[in-house]
There are 2 protein chains.
Amino acid sequence: MVVAGLQRAIFEHKIAPGTKLSEDEVGEIFGVSRTIVRSALQALAHSQLVSIEKNRGAFIASPTPKEAHEVFEARGLIEPRVAAMAAKRMTDQMLEILASHIEDEHAATASGDKGRALSLSGGYHLKIAEIAGHEVFTDFIRALISRSSLIIALYWRRADTTCESHSHHALMKAFEHRDPAAAEEIMRSHIVDLHSGLNLSDVNRSPLSLADALKL
Amino acid sequence: MVVAGLQRAIFEHKIAPGTKLSEDEVGEIFGVSRTIVRSALQALAHSQLVSIEKNRGAFIASPTPKEAHEVFEARGLIEPRVAAMAAKRMTDQMLEILASHIEDEHAATASGDKGRALSLSGGYHLKIAEIAGHEVFTDFIRALISRSSLIIALYWRRADTTCESHSHHALMKAFEHRDPAAAEEIMRSHIVDLHSGLNLSDVNRSPLSLADALKL
DNA sequence: TCTGCCTAAATTGTAGCCAATATTTTATAC
DNA sequence: GTATAAAATATTGGCTACAATTTAGGCAGA
């Protein structure tokens, strides 16, 4: 699937915001016709990962500072509620899945694969939404996490992601105790941390060529 | 635009959930080729207004009771926050726009045009989000209101919408006083009212033919 | 040298065609 | 008469070709 391929590349920061996605070029890379590419680009445009300009083409989206602020404000409203719901419905099996997810994250961080670590960190948040079992919120969170990936590429202040692991561990404790209020509060402050980890005054620009980026 | 045309028909309850949207038929009605129709149907599928089944076609979505519940739960979380934000940023000009919107709603109700009244009622909620100036929340609310239209078609308990006008008037008062807390609370209870106005145990099925429905 | 316009190349937008899959009809057997 | 199976029909899926629009380059004039 070409949507998934492009998404992964975006999540792992293989392609930078602003990169042009020519239909022919993308089609060449994935070995499909322009029809498929077009459909994929429209899907990605709908989730705000690419912006399509009429008669000009599709580009990896470059969220503005305002947009970045709004995305994390939205996450700050929705995710705590969802974390509380997940805590209520938590099972031992789900706890194990979350734990192994965190291990993968650690492994990726240890091996220095920043992109993969970041992508897995988003996956952890998404997993919580899935456990909460609320499809509407899950869809929203999926979209917000995707956009967060672009935002982090543009505005992330520090190079480390260690604060991540700490918060995620704290969340695990709350889930183990099936404590909705704690989960909600930890998630809230975690999102605030992420939000304040952004430097919305200047931008990290690092344009890449599409062909280089997409070695699948 | 064919997307807008289909959307309006859905919002005004001209086409019922479950109705099949044949590509040829839709293309015939709007005078465009199947390529355009396919693109439009995919866009509508992304916003969950139609569901596309592989090799079978596109159908107006039929939200399940669970989905209906979730949509209004999401609205109950997001819209109060947005109403508070709107109250903070409210201007006299915006108040007038909202007021005229309510008048239109009254007029439509008075003339017995239920579909249009419902559509305008949704538009009022959307307008509030636009005034709040938060694009991310506005997009979410737009999607939720769209889906609410289908949900109301399927599960609305009573025939009247008078409770609507009452809550909307109460909101106006809060906006006039620039009172975020009041706006938030009124919106919250308004959404709860809407939610409890649904009868999620049985369904109002009323299939229509597409050609009849789309007298644009 | 810089500005403005005009032409040409490249890229997206749309339409129509053939292939693949689902649905309906019809024929046959029980 | 009913049920099963096979063929015919209709509908969607994907590709290619053509049209429309934008962008880039070059040329002329100031």
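Order of the sequence lines sets the chain letters (A, B, ...), proteins ahead of strands, with each chain counted from 1.
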>> Measure CD/B:Glu28 against C1'/D:dT12 and give the value in whole Å, please.
In response: 17 Å
>> Against B:Leu120, only a single residue in B:His106, B:Glu12, B:Glu103, B:Glu105 fulfils side-chain contact (heavy atoms from CB on, under 4.5 Å); can you say which?
In response: B:Glu105
> Does the pair A:Glu67/A:Arg147 count as a salt bridge with the N-to-O cut at 4.0 Å?
Replying inline: yes
> To the nearest angstrom, how far is B:Leu41 atom CG from D:dT11 atom P?
Replying inline: 15 Å
> CZ of A:Arg81 to CD1 of B:Ile78: how many Å apart, nearest 0.5 Å?
Replying inline: 9.5 Å
> How does protein contact run along nucleotides 11-17 of chain C, one letter per nucleotide 5' to 3', with B for base contact, S for sugar-phosphate only, - for none, heavy atoms under 4.0 Å?
Replying inline: SBBBB-B
>> Are B:His190 and B:His168, when compared by the centres of their aromatic rings, separated by less than 6.0 Å?
In response: yes
> Looking at CG of B:Leu49 and OG of B:Ser146, how far apart are the two atoms once the value is rounded to the nearest 0.5 Å?
Replying inline: 5.0 Å
